[in-house]
There are 2 protein chains.
Amino acid sequence: MSIADDFDLQNFLPYLLNQAAEVSSLRFQQVYKDRYGMLRTEWRVLFHLGIYGKMTAKEIGKRSKMHKTKISRAVAKLAERRFLTRHRDGADRRLEYLELTEAGQRAYRDLRQVAMEYDSALAARFSDADMATLKRMLRTLASDAA
Amino acid sequence: MSIADDFDLQNFLPYLLNQAAEVSSLRFQQVYKDRYGMLRTEWRVLFHLGIYGKMTAKEIGKRSKMHKTKISRAVAKLAERRFLTRHRDGADRRLEYLELTEAGQRAYRDLRQVAMEYDSALAARFSDADMATLKRMLRTLASDAA
DNA sequence: CGTTGTTAGTTACAAAACCAACTGTTAACA
DNA sequence: TGTTAACAGTTGGTTTTGTAACTAACAACG
């Protein structure tokens, strides 16, 4: 009972997912951290704006599932560093449109390149079929844990 | 360039892994948090001791890849709640053996049951072959990001 | 209009994580 | 032995996150 239980942590999916996520995030983190002093929340906001263009904090929240306070702080940091600008909506003055500056777009394109190369390096360790299976399953798991 | 870029965040493996990990951890977190007021670090330490039996903080660190300060604080909390006991090694007095108390083992067995049921529920959404592929790939990714 | 409810976003405070320096102990080896 | 290095584990101070309450603006409906 107290020694050598047969439950295996390495087979417990949430644990395994966390380990894989942590390890695989590390190298990319080093780049956006060392190169731009960004946090995870910040590169995510940067990427959302880089990919989809101008949008509000609310929309970023819906797409990324990040909490609005995290987004608010990430936006403040990115604005302070002149990576994005904020524009109030004329009709509904609660809304604020966020848009990358030239500097923000340069940072985005730079990091996007790193991300793509890193993703390819990770994918190279597996067959195309396995990668497709993996991504499909991860998307299912991410969309809602049964 | 600024609008509708073609990079897809949902295909960037580190991002996708994080999303899946976060969502799939949530339900289990609710149980150990609501039922025992534990943190993630604490259930991990509890499980390591429940599964492998008596060991030192150092060994837990090696197996779990958690930083020693996290482990130290989790152990302190678990000891305070009488879920584990600490015994100095007679020969090398730097070492401290950690072992679950009866209460600790009860908590472990309770949570292990929850974990197993949750894992089964997650697995039920996929074929056995796909689950095997998923776990194999996650283990590869967790062991070292190329 | 005016009250009540809802929404977008921010701020304040507490909880947790991170990093570096620390204590106490053993090992290495001149 | 004596000195220096290495190791197990802890503590302190800062950063980051989480939670809840807040402000400012709009909407619904009497």
Side-chain angles (χ1 to χ4, degrees), chain A residues 18-19 21-23 25-26 29-30 32-34 36-46 48-49 54-81 84-99, chain B residues 18-19 21-23 25-30 32-34 36-46 48-49 54-81 84-99:
Chain A
N18 265 297
Q19 300 268 111
E22 221 164 281
V23 170
S25 294
L26 219 93
Q29 176 183 111
Q30 282 166 353
Y32 63 71
K33 194 175 166 189
D34 293 356
Y36 298 99
M38 285 188 192
L39 303 175
R40 193 164 42 164
T41 50
E42 291 163 24
W43 82 256
R44 286 189 180 180
V45 167
L46 185 87
H48 278 272
L49 294 173
K54 190 199 287 196
M55 58 165 69
T56 66
K58 177 71 199 242
E59 288 175 294
I60 295 177
K62 198 157 31 172
R63 285 180 188 273
S64 67
K65 287 172 191 157
M66 281 193 280
H67 195 269
K68 60 184 181 172
T69 64
K70 276 200 216 175
I71 296 170
S72 175
R73 288 193 259 246
V75 166
K77 267 282 173 60
L78 291 170
E80 184 189 312
R81 289 174 196 171
L84 61 78
T85 55
R86 320 161 84 131
H87 293 293
R88 284 271 168 221
D89 182 299
D92 185 344
R93 305 194 348 88
R94 289 171 304 182
L95 302 177
E96 197 169 50
Y97 290 103
L98 308 169
E99 192 169 18
Chain B
N18 265 298
Q19 300 266 109
E22 221 165 280
V23 170
S25 293
L26 218 89
R27 286 179 183 241
F28 187 56
Q29 177 183 114
Q30 281 166 353
Y32 63 71
K33 195 174 166 189
D34 294 356
Y36 297 99
M38 285 188 192
L39 303 175
R40 191 163 45 161
T41 51
E42 291 163 25
W43 82 256
R44 286 190 180 179
V45 167
L46 185 86
H48 277 272
L49 294 173
K54 191 198 288 195
M55 58 166 68
T56 66
K58 177 72 199 239
E59 288 175 294
I60 295 176
K62 198 158 31 172
R63 284 181 189 272
S64 67
K65 287 172 190 155
M66 280 192 280
H67 194 269
K68 61 183 182 173
T69 64
K70 277 200 219 176
I71 296 170
S72 175
R73 286 178 167 121
V75 166
K77 267 282 173 62
L78 292 170
E80 184 189 311
R81 290 174 196 172
L84 62 77
T85 55
R86 319 161 83 132
H87 293 292
R88 284 271 166 221
D89 182 299
D92 185 343
R93 304 189 354 85
R94 288 171 303 183
L95 303 177
E96 196 170 50
Y97 291 103
L98 307 169
E99 192 170 17

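Below, all heavy atoms of this structure are taken into account, side chains as well, without hydrogens, waters or symmetry copies. The sequence lines fix the lettering, A, B, ..., with proteins before strands; numbering per chain opens at 1.
Regarding A:Asp92, its CG atom lies at a distance of 17 Å from the P atom of C:dT6, rounded to whole Å. A:His87 has its NE2 atom 17 Å from the C1' atom of C:dG9, to the nearest Å. Here C:dT25 presents its C1' atom at 10 Å from CG of B:Leu95, a figure rounded to the nearest Å. The nearest whole Å value for the distance from the CD atom in B:Gln29 to the P atom in C:dA16 is 11 Å. Distance NE2 (A:His67) to C1' (C:dG9): 11 Å, rounded to an integer number of Å. Atom C1' of nucleotide C:dG9 and atom CG of A:Leu84 are separated by 14 Å, given to the nearest angstrom. Residue A:Lys33 contributes atom NZ, which lies 9 Å from atom P of C:dC18 at whole-angstrom precision. Residue B:Leu39 contributes atom CG, which lies 10 Å from atom C1' of C:dA17 at whole-angstrom precision.
For the segment residues 70-81 of chain B, the set of residues with a heavy atom within less than 4.0 Å of an atom of DNA chain C comprises B:Lys70, B:Arg73, in numerical order.
Residues A:Arg40 and B:Asn18 form a side-chain contact, since some pair of their non-hydrogen atoms from C-beta on lies under 4.5 Å apart. Residues B:Arg81 and B:Met38 meet the side-chain proximity criterion, which asks for heavy atoms closer than 4.5 Å. Side chains of B:Lys65 and A:Glu22 form no contact here, defined as non-hydrogen atoms less than 4.5 Å apart. Looking only at side-chain heavy atoms (C-beta outward), A:Met55 and A:Arg63 come within less than 4.5 Å of each other. Side-chain contact check for A:Leu49 versus A:Ile60: some heavy-atom pair is nearer than 4.5 Å. Taking the side chain as every heavy atom from C-beta outward, B:Met66 and B:Val45 approach each other to under 4.5 Å.
Contacts of A:Thr69 with the nucleic acid, taken as non-hydrogen atoms under 4.0 Å apart, include base atoms. Residue contacts shown for B:Lys62 are absent, as no nucleic acid heavy atom lies under 4.0 Å away. B:Lys58 comes within contact range of the sugar-phosphate backbone alone, with a heavy-atom separation under 4.0 Å but no base atom that close.
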I'd like a table of donor-acceptor pairs (distance under 3.5 Å, sequence neighbours excluded) in which one partner is a side-chain atom from residues 69-76 of chain A, with atom names and distances.
{"unit_1": "A:Thr69", "atom_1": "OG1", "unit_2": "A:His67", "atom_2": "ND1", "d": "3.3"}

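Of all nucleotides in DNA chain D having an atom under 4.0 Å from a heavy atom of chain B, the first and last in 5' to 3' order are D:dC7 to D:dT19.
Between A:Gly90 and A:Thr41, the residue anchored closer to the 5' end of DNA chain D is A:Thr41, taking for each the nucleotide with the nearest heavy atom.
Within 6.0 Å of CZ on B:Arg93 lie no more than 12 heavy atoms contributed by other residues, nucleotides or ligands.
At a cut-off of 3.5 angstrom, counting only N and O atoms as typed in the model, there is no donor on one side facing an acceptor on the other between the side-chain of B:Arg93 and the base of C:dT25.
Ring geometry for B:Phe28 against B:Trp43 counts as perpendicular: the plane angle is over 60°, on a 0 to 90° scale with 30° as the lower cut.
For C:dT10, one of the phosphate oxygens OP1 or OP2 lies less than 4.0 angstrom from a side-chain nitrogen or oxygen of A:Arg86.
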